[in-house]
Amino acid sequence: MKNFYVIGLFLFSINSFCQNVLSGEWFLHYIEVDGVEQYSTIPNSVNYINFEDDNSFNGAVCDNGYGGTYFVESDITLSIPSFAAFTGGCEYPAEIQNFLLPYFSILDDPMSSGDIFSYNIEDQNGNEILILTTNENNSAHYGRSPLPENRLPGTWYLHSIVTNGMEELNEFNPTAYISFNLSQGFSGALNFEGTAICNDFFGEYYLEGLDAIRSVYLNQTQIFCNTTEEDIYESSYWSTFQNTDPESNVIMTYNVEGTGNDESLMLTNQNGDYSTYQRQVLSIAENNDQGQIIKLLQNPVKSTLILSNLETIGSTLRYEIYTIDGKLISQVSNLTNATIDVGLFNPGMYIL
C-alpha cells in the first residue's frame with residue numbers, strides 16, 4: 001500500500017506540474033505547415049490560446065473563437081480530445097486561407113492518432129515559447145508576449161535607392177510609391193502595387209517572418225521615360241526587386257522605424273541592394289528646385305545636344321559623357337554655351 005501511494009503521488013505531481021506550466025494565455029506567433037512558416041497579416045495580440053486549469057482551453061484567431069478540452073499525458077505530450085470553432089471570419093480573405101484554416105487543421109488534425117501532440121516550452125531571451133507539434137510534424141508556435149504589430153501595410157513614397165553600394169536620391173518623381181495591401185491576389189498571396197518613375201507595377205507577396213517578405217512575382221508597364229536619366233534610374237530601382245537567382249522568389253527583408261508620418265521603410269534584397277521610403281511625399285527641398293534642373297530640349301539627337309535652364313544656374317558648369325558600359329568619352333570643365341557637339345559619336349545610348 002505504501003508503494004502504491006508513493007507512485008500515485010509521483011504521477012499526480014508530474015501531471016499537475018505540466019498543467020501549471022501550460023496554463024495561462026499564449027499568443028500565437030506563427031504556424032508551420034508542410035515545412036513552410038506562415039505568419040498572420042494582422043496584429044498578433046488578437047491571436048491567442050488560453051489553457052485553463054480545469055482542462056479546458058479557449059482562444060481566438062481574427063473573429064473566430066474556438067475551444068475544447070486538453071489533458072497533459074506526460075512532460076512532453078498532451079491530448080486534445082475535443083475541439084470546436086465558432087462562427088466567424090477574417091477581415092482579409094488571404095488571412096482565412098493562409099493562416100486561419102491551416103491553424104485550425106493543426107489543433108484538429110485528422111491524421112493525428114488520438115489527437116496527441118508533443119509540446120516543448122523553452123526560454124528565448126526571457127520570453128517563454130511554446131511549440132505544439134502534430135504527428136504530421138506541423139506545428140503552432142506561441143509566446144507569452146504578443147508579436148509586434150505588422151507595420152508594413154500601407155503606402156510608402158520612394159526616397160532613394162542603393163545599388164552596388166551607391167545611393168541615388170529620387171530626383172525624378174516625388175510621388176513614386178509602393179503600397180502593401182492586405183487583399184488577396186490571384187495566387188492567394190497578398191497584393192502590392194505602386195508607381196516608379198514612369199511605370200506602374202504590381203505583384204503579390206507573403207510575410208516571411210517578422211522582418212521579411214517573399215515576392216511571388218513583379219509585373220510592370222513598359223513605357224519609356226522622357227529622359228535617359230529617368231530610364232536608368234528606374235532600371236536601377238527594378239533591380240532592387242531582384243536577386244542573384246532570377247528563377248526563384250525574391251526574399252526581401254524590411255525594417256520600419258519611426259512613428260506616424262515620420263515612419264521610414266527600408267527594403268533590402270538578397271544582393272544587399274535596397275530602397276528607402278517614407279510615409280510622406282518627397283518635399284520640393286528634398287527633391288530638387290525645378291528651376292535648377294538642366295533639361296535637354298531634344299532627346300534623342302543626331303549631332304547637337306541643346307540644353308535649357310542654363311541661365312538659372314548662374315555658375316560655371318562641367319560635363320562628362322559616358323558610354324552605357326561606363327567608359328568616359330568626352331568631358332569639358334567650363335561649359336560656355338548651351339550646346340554640346342555629339343556628331344562624331346557612334347549611334348547608341350550615352351550618359352551625360
State which residues pass ring-ring contact (aromatic ring centres under 6.0 Å, His included) with F104; sequence neighbours excluded, sorted by chain then number.
-> Y66, F83
Quick check: closest heavy atoms across [X] and [Y], and the distance to 0.1 Å?
X: E234; Y: C225; value: OE1-SG, 3.9 Å
X: L22; Y: Y119; value: CD2-CD1, 4.2 Å
X: N138; Y: V33; value: OD1-CA, 3.4 Å
X: A196; Y: F201; value: N-CE2, 3.8 Å

Taking atom types as modelled and ignoring hydrogens, do the side chains of [X] and [Y] form a donor-acceptor contact shorter than 3.5 angstrom?
X: S239; Y: S236; result: no
X: D273; Y: T163; result: no
X: S179; Y: E193; result: no
X: N173; Y: T175; result: yes
X: Q278; Y: S264; result: no
X: S82; Y: T69; result: yes
X: E168; Y: S160; result: no

Whether [X] side chain and [Y] backbone form a donor-acceptor pair below 3.5 Å:
X: H29; Y: S145; answer: yes
X: Q38; Y: N98; answer: yes
X: S235; Y: D231; answer: yes
X: N269; Y: T240; answer: yes

Nearest 0.5 Å, what's the [atom1]-[atom2] distance between [X] and [Y]?
X: L190; Y: E95; atom1: CG; atom2: CD; answer: 8.5 Å
X: D54; Y: Y70; atom1: CG; atom2: OH; answer: 7.5 Å
X: I80; Y: T134; atom1: CD1; atom2: OG1; answer: 10.5 Å
X: N199; Y: F224; atom1: CG; atom2: CZ; answer: 9.5 Å
X: S275; Y: L267; atom1: OG; atom2: CG; answer: 4.5 Å
X: L158; Y: L169; atom1: CG; atom2: CG; answer: 9.5 Å

Check the hydrophobic clustering (I, L, V, M, F, W, Y; side-chain heavy atoms under 4.5 Å; chains of links allowed) and say if [X] and [Y] are grouped together.
X: V332; Y: I340; value: yes
X: I131; Y: F99; value: no
X: Y205; Y: M266; value: no
X: L132; Y: V21; value: yes
X: I106; Y: I121; value: yes

Are any non-hydrogen side-chain atoms of [X] and [Y] less than 4.5 angstrom apart?
X: S79; Y: F117; answer: no
X: V342; Y: I321; answer: yes
X: E229; Y: I232; answer: no
X: E52; Y: N50; answer: yes
X: V162; Y: T268; answer: no
X: I31; Y: H141; answer: no
X: E122; Y: N120; answer: yes
X: I129; Y: W26; answer: no

side-chain contact (heavy atoms from CB on, under 4.5 Å) between Y157 and Y277, worked out | CA-CA 5 Å; Y157 293 96; Y277 307 80; 5.8 Å; no
Test log, rule side-chain contact (heavy atoms from CB on, under 4.5 Å), inputs Y274 and Y254 = CA-CA 9 Å; Y274 60 90; Y254 69 88; over 6 Å; no
May I have the step-by-step check of ring pair (Phe, Tyr, Trp, His ring centres under 6.0 Å) for F27 and Y48, ending in yes or no?
-> CA-CA 4 Å; F27 295 97; Y48 73 93; 7.1 Å; no
With E263 via side chain to side chain contact (heavy atoms under 4.5 Å, CB included) - residues at least two apart = R151, W156, V256, R279
Are there more than 12 heavy atoms of other residues, nucleotides or ligands under 6.0 Å from atom CD of E257?
-> no
Mark yes when over 12 heavy atoms from residues, nucleotides or ligands other than N137 sit less than 6.0 Å from its CG; otherwise mark no.
-> no
Test log, rule side-chain contact (heavy atoms from CB on, under 4.5 Å), inputs I213 and L152 = CA-CA 10 Å; I213 60 172; L152 183 64; 3.5 Å; yes
side-chain contact (heavy atoms from CB on, under 4.5 Å) between L100 and N64, intermediate numbers included = CA-CA 9 Å; L100 172 68; N64 289 262; 3.4 Å; yes
Applying salt bridge (charged side-chain N to carboxylate O under 4.0 Å, His left out), which residue pairs with at least one partner in residues 199-215 are found, sequence neighbours left out?
-> E208-R214
Is the F51 ring parallel, tilted or perpendicular to the F57 ring (thresholds 30°, 60°)?
-> tilted
Verify whether the ring centers belonging to Y233 and F172 lie closer than 6.0 Å.
-> yes
